[in-house]
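Working notes for the structure below.
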2 protein chains.
Amino acid sequence: MGMNEARAKVFKALGHPSRLMIVDELAQGTRCVCELTALVGADISTVSKHLTVLKSAGIVRDERRGSNVYYTLSMTCVSGFMGCVDRHLRSQATAQVADFEVIAAEMK
Amino acid sequence: MGMNEARAKVFKALGHPSRLMIVDELAQGTRCVCELTALVGADISTVSKHLTVLKSAGIVRDERRGSNVYYTLSMTCVSGFMGCVDRHLRSQATAQVADFEVIAAEMK
DNA sequence: TGAACGCTTGGCTATTCGACCAAACATCAA
DNA sequence: TTGATGTTTGGTCGAATAGCCAAGCGTTCA
């Protein structure tokens with residue numbers, strides 16, 4: 001797999017609301033599948049598959065302890081980038097509101 | 001659109017090799033569609049659609065100058081995160097090589 | 001005006017994704 | 001061993017994605 005495909009795989013893995021929710025939660029600490037399932041609110045098998053995607057992209061790692069499997073965020077810099085994305089989206093949203101107000105003013 | 005969906009949209013937009021190539025190029029400076037098409041090496045309509053995806057995620061912005069349309073990276077923090085992903089992927093790759101060597105040693 | 005150029009959009013097909021259910025697998029406890 | 005619990009895997013189906021070609025703008029320049 002080429003450099004760009006490996007990178008794309010990481011972004012693709014992060015490109016789903018449930019998986020982002022999971023990553024956010026794992027940024028707080030290690031969690032078992034059952035906890036993540038409760039958080040996401042989908043079928044366990046669905047959550048398990050989301051975790052497989054995150055794992056094969058190298059974003060999380062798993063570890064069995066007894067009858068539970070625990071997942072841990074291994075690509076920790078993700079949370080930092082999340083902040084950047086959020087800031088950007090917010091500033092964009094306010095820019096759009098500003099545009100809208102200009103348009104609204106022009107329409108009067 | 002909820003917070004998590006907006007964020008997911010950003011990651012999803014970045015989750016394609018051609019679009020990553022485009023973002024890398026735009027990190028160097030503004031480019032017209034024709035330049036990006038040459039870079040990616042796909043049909044121009046395909047590239048145009050990739051640019052639409054990036055734009056609607058708020059990652060790039062476009063601007064017509066004469067008969068050309070120029071695209072600019074607006075979410076500039078993306079490049080920084082790219083570095084983090086690359087470092088992580090590299091360290092993971094070497095970890096896997098190390099694992100492999102352990103296994104190989106065990107097999108002797 | 002009309003031809004040429006640069007880009008976008010619509011339409012089509014093949015592939016991938018995401019959700020659920022059912023079945024399999026792993027561990028623990030009786 | 002058997003049953004209970006926690007997790008993964010296989011199968012199916014509808015939705016979304018990516019690619020190309022063709023057709024449709026918008027702009028420039030004769």
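We name chains A, B, ... by the order of the sequence lines, and we start the count at 1 in each one.
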4.5 Å side-chain heavy-atom contact, B:Met1 and A:Leu89
no

For nucleotides 6-9 of chain C, which of its nitrogen or oxygen atoms have a protein nitrogen or oxygen under 3.5 Å away, and what is each distance?
from: C:dG6; atom 1: O3'; to: B:Asn68; atom 2: OD1; distance (Å): 2.9
from: C:dC7; atom 1: OP1; to: B:Val33; atom 2: N; distance (Å): 3.2
from: C:dC7; atom 1: OP2; to: B:Cys34; atom 2: N; distance (Å): 2.9
from: C:dT8; atom 1: OP1; to: B:Tyr71; atom 2: OH; distance (Å): 2.8
from: C:dT8; atom 1: OP2; to: B:Ser48; atom 2: OG; distance (Å): 2.6
from: C:dT8; atom 1: O5'; to: B:Ser48; atom 2: OG; distance (Å): 3.2

With a 4.5 Å limit on heavy-atom distance, are the side chains of A:Asp86 and B:Met3 in contact?
yes

With under 30° as parallel and over 60° as perpendicular, where do the rings of A:His50 and A:His16 fit, or are they tilted in between?
tilted

Side chain to side chain contact (heavy atoms under 4.5 Å, CB included) with B:Leu54: of B:Leu26, B:Asp62, B:Val10, B:Ile59, only one passes, and it is B:Ile59

Round to the nearest Å and state the distance from B:Asp43 atom CG to C:dT13 atom C1'.
15 Å

Any side-chain to backbone donor/acceptor pair from B:His88 onto B:Gly83? Under 3.5 Å, distance only.
no

Evaluate the criterion side chain to side chain contact (heavy atoms under 4.5 Å, CB included) for residue pair B:Thr72 and B:Val60; output intermediate values, then yes/no.
CA-CA 5 Å; B:Thr72 304; B:Val60 304; over 6 Å; no

Before giving the answer on side chain to side chain contact (heavy atoms under 4.5 Å, CB included), spell out for A:Ile22 and A:Tyr71 the whole-Å C-alpha distance, their side-chain angles and the decisive distance to 0.1 Å.
CA-CA 10 Å; A:Ile22 290 171; A:Tyr71 280 84; over 6 Å; no

Students often get this wrong, so: under 4.0 angstrom with heavy atoms, is A:Lys12 touching a base, only sugar-phosphate, or nothing?
sugar-phosphate

Worked check of side chain to side chain contact (heavy atoms under 4.5 Å, CB included) between A:Ser79 and A:Leu73
CA-CA 10 Å; A:Ser79 346; A:Leu73 187 63; 4.1 Å; yes

Can you give me the first and the last nucleotide of DNA chain D (5' to 3') that has an atom within less than 4.0 angstrom of a non-hydrogen atom in chain B?
D:dT17 to D:dT28

Quick one: closest heavy-atom pair of A:Pro17 and B:Glu5, and the distance?
CG-CG, 3.9 Å

Just call it for B:Arg19: base, sugar-phosphate, or nothing, with non-hydrogen atoms closer than 4.0 Å on any strand.
sugar-phosphate

Taking atom types as modelled, is there a side-chain donor on A:Arg65 or A:Asn68 under 3.5 Å from an acceptor on the other?
no

What bend angle does the helix from C:dT1-D:dA30 to C:dA30-D:dT1 show across its length, from five-pair end axes and to the nearest 10 degrees?
20°

